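Not measured: the values here are computed from a predicted model. Chain letters run A, B, ... following the sequence lines, proteins first and then strands; every chain starts at 1.
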Protein chains: 2
Amino acid sequence: MSADFQPAFWAAKRAVMTAAEEAYSRHGVRAGQQFILHQLWKEDGLTPGELARRLELSVPTVTRTATRMENAGILRREPHPTDARLVRLRLTERGWELKDIIAKEAATLSERALATLDSAEREQFVRFLHEVRVNLSR
Amino acid sequence: MSADFQPAFWAAKRAVMTAAEEAYSRHGVRAGQQFILHQLWKEDGLTPGELARRLELSVPTVTRTATRMENAGILRREPHPTDARLVRLRLTERGWELKDIIAKEAATLSERALATLDSAEREQFVRFLHEVRVNLSR
DNA sequence: GAGAGATCGTTAGCCGGCTAACGTAAGTCG
DNA sequence: CGACTTACGTTAGCCGGCTAACGATCTCTC
């Protein structure tokens, strides 16, 4: 029944959020910071605006999260060599150290969340999530 | 692939949240208030603690949301007749008026989110969401 | 070259989730 | 009866999402 969709979704949302927070915060990384980290591990020195585009987040969300990560010693802000409007976010050594640690936590978390789903169901679930996002963005 | 699970989930989360906010806020109801409303429509006069238990939310989340709903004229606080520790949250006339309106918005929103899923897929999707919640709470 | 417009990042402030700490009221037990 | 414990709701403060408004810088056009 689609009447159950919203309660089920919100309950799952809170559960995933809480579990992610618990898994990552042990290492000084908060739940919302993992996606920024993933992008910077792939390409260090991205700007807040570019990160916001890639992650489909608002720019203020990225800048404030970046400030917290800066305070936590995970990254630092550097001026752009040619364009003074831009800010480059560059990982510190600590930021790079976290790569394997967070990847492992993420894998564990996903495995725990999807423990009762077989391979085909997991693929289908991810597809459903993607379709919901696409459906709502139109 | 379960590696895609977390990004897909978070993206869907933001999409649902944004769409819900857009749908409900037109009527002066914010996204997080709908579940409290549903409970009060079923049983008016519940306490914050009882609502928190039924919705699996923390008590402070409920009390603060209730304060906002009180300020918006949706409900009011009343003292409990026999236990002075308790607070009864009772819907105002406006709170009751919203019942049909919000129900319709919720149905429209769910239909839009799940538009590309057939009946069996929707059922499966809700089941997956429920399993994720259960898996993570253990 | 100078001014208008576009782009970028930050700040302020809202909502929704949480934990910790607090005060008050009820219940329990000596 | 009095003290301790328990239960309840609120407040304060954190994180993560958002929009609106701002200042600074670049770009484009005249």
Side-chain angles (χ1 to χ4, degrees), chain A residues 6 9-25 28-37 46-53 55-72 74 77-89 133 136, chain B residues 6 9-25 28-37 46-53 55-72 74 77-89 133 136:
Chain A
Q6 289 191 62
F9 191 89
W10 282 64
K13 178 200 91 170
R14 290 194 299 267
V16 170
M17 172 68 185
T18 301
E21 188 66 28
E22 184 197 342
Y24 298 138
S25 66
V29 176
R30 312 308 298 259
Q33 303 175 359
Q34 55 169 320
F35 302 110
I36 291 180
L37 279 174
L46 290 171
T47 66
E50 183 57 31
L51 280 166
R53 269 189 295 275
L55 299 173
E56 295 185 9
L57 290 171
S58 70
V59 175
T61 295
V62 173
T63 67
R64 196 184 45 187
T65 303
T67 300
R68 288 176 182 150
M69 295 169 78
E70 194 175 19
N71 293 337
I74 297 174
R77 283 177 162 83
E78 288 186 1
H80 192 277
T82 64
D83 191 335
R85 293 173 303 182
L86 301 179
V87 169
R88 292 165 56 105
L89 302 178
R133 184 179 69 77
L136 290 177
Chain B
Q6 289 191 61
F9 190 90
W10 282 64
K13 178 198 91 171
R14 291 194 299 267
V16 170
M17 171 70 185
T18 302
E21 188 66 27
E22 184 198 342
Y24 299 138
S25 65
V29 176
R30 311 309 297 261
Q33 304 175 359
Q34 56 169 320
F35 302 111
I36 291 179
L37 279 174
L46 290 171
T47 65
E50 183 59 30
L51 280 167
R53 269 189 295 274
L55 299 172
E56 297 186 6
L57 289 172
S58 71
V59 175
T61 296
V62 173
T63 66
R64 196 185 44 187
T65 303
T67 300
R68 287 176 183 150
M69 295 169 78
E70 193 175 21
N71 293 337
I74 297 173
R77 283 176 162 84
E78 288 185 1
H80 192 277
T82 63
D83 192 333
R85 292 172 305 181
L86 300 180
V87 170
R88 291 166 58 107
L89 301 178
R133 186 180 68 77
L136 288 177

| In terms of the nearest nucleotide of DNA chain C, which residue is placed more toward the 5' end: B:Arg68 or B:Glu56? |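 Its nearest nucleotide being more 5', the pick is B:Arg68.
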| query | For DNA chain C, whose closest nucleotide is more 5', that of A:Thr18 or that of A:Leu86? | reply |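 Its nearest nucleotide being more 5', the pick is A:Leu86.
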| said: Show the nearest heavy-atom pair for residues A:Val59 and A:Gly49, with the distance to one decimal. | reply: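 Shortest heavy-atom separation between A:Val59 and A:Gly49 comes out as CG2-CA, 4.3 Å.
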| Heavy-atom closest pair, residues A:Arg88 and A:Pro81 |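 Smallest heavy-atom distance, with atoms named: CD-CD, 4.0 Å.
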Would you indicate what [X] reaches in the nucleic acid, counting non-hydrogen atoms under 4.0 angstrom: base, sugar-phosphate, or nothing?
| X | answer |
| --- | --- |
| A:Arg77 | sugar-phosphate |
| B:Thr47 | sugar-phosphate |
| A:Val59 | base |

| request: Could you list all the salt bridge (charged side-chain N to carboxylate O under 4.0 Å, His left out) pairs where at least one residue sits in residues 10-20 of chain A, not counting sequence neighbours? | output: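 Every candidate salt bridge (charged side-chain N to carboxylate O under 4.0 Å, His left out) pair involving residues 10-20 of chain A fails, so no pair, neighbours aside, qualifies.
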| task | On DNA chain D, reading 5' to 3', which nucleotide is the first and which the last to sit with an atom under 4.0 Å from a heavy atom of chain B, could you check? | result |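 The contacted stretch runs from D:dA7 to D:dG17.
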Side chain to side chain donor-acceptor pair (under 3.5 Å) involving [X] - partner list, sequence neighbours excluded:
| X | answer |
| --- | --- |
| A:Thr61 | A:Ser58 |
| A:Glu21 | A:Arg30 |
| B:Glu22 | none |

| A:Thr18: what forms a side-chain contact (heavy atoms from CB on, under 4.5 Å) with it, not counting sequence neighbours? |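 A:Thr18: no side-chain contact (heavy atoms from CB on, under 4.5 Å) contacts found.
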| query | Residues two or more places apart in sequence or in another chain: which of them pass side-chain contact (heavy atoms from CB on, under 4.5 Å) with A:Leu136? | reply |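 A:Leu136: side-chain contact (heavy atoms from CB on, under 4.5 Å) contacts with A:Val132, B:Ala15, B:Val16, B:Ala19, B:Leu109, B:Arg112, B:Ala113.
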| task | Summarise how protein sits on nucleotides 21-28 of chain C as a single string, 5' to 3': B when a protein heavy atom is under 4.0 Å from the base, S for sugar-phosphate-only contact, - for no contact. | result | ----BS--
| task | For A:Glu78, enumerate each residue passing the salt bridge (charged side-chain N to carboxylate O under 4.0 Å, His left out) test, keeping only those at least two apart in sequence or located in another chain. | result |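 With sequence neighbours excluded, A:Glu78 shows a salt bridge (charged side-chain N to carboxylate O under 4.0 Å, His left out) to A:Arg76, A:Arg90, given in chain and number order.
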| task | State which residues pass salt bridge (charged side-chain N to carboxylate O under 4.0 Å, His left out) with B:Arg68; sequence neighbours excluded, sorted by chain then number. | result |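 Residues passing salt bridge (charged side-chain N to carboxylate O under 4.0 Å, His left out) with B:Arg68: none at all.
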| Partners meeting ring-ring contact (aromatic ring centres under 6.0 Å, His included) with A:Tyr24 (sequence neighbours left out) |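 Listed in chain order: nothing, the list is empty.
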| field | Residue-level proximity of residues 29-37 of chain A to DNA chain C when a heavy atom falls under 4.0 Å | value |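 Hits under 4.0 Å, by residue number: none.
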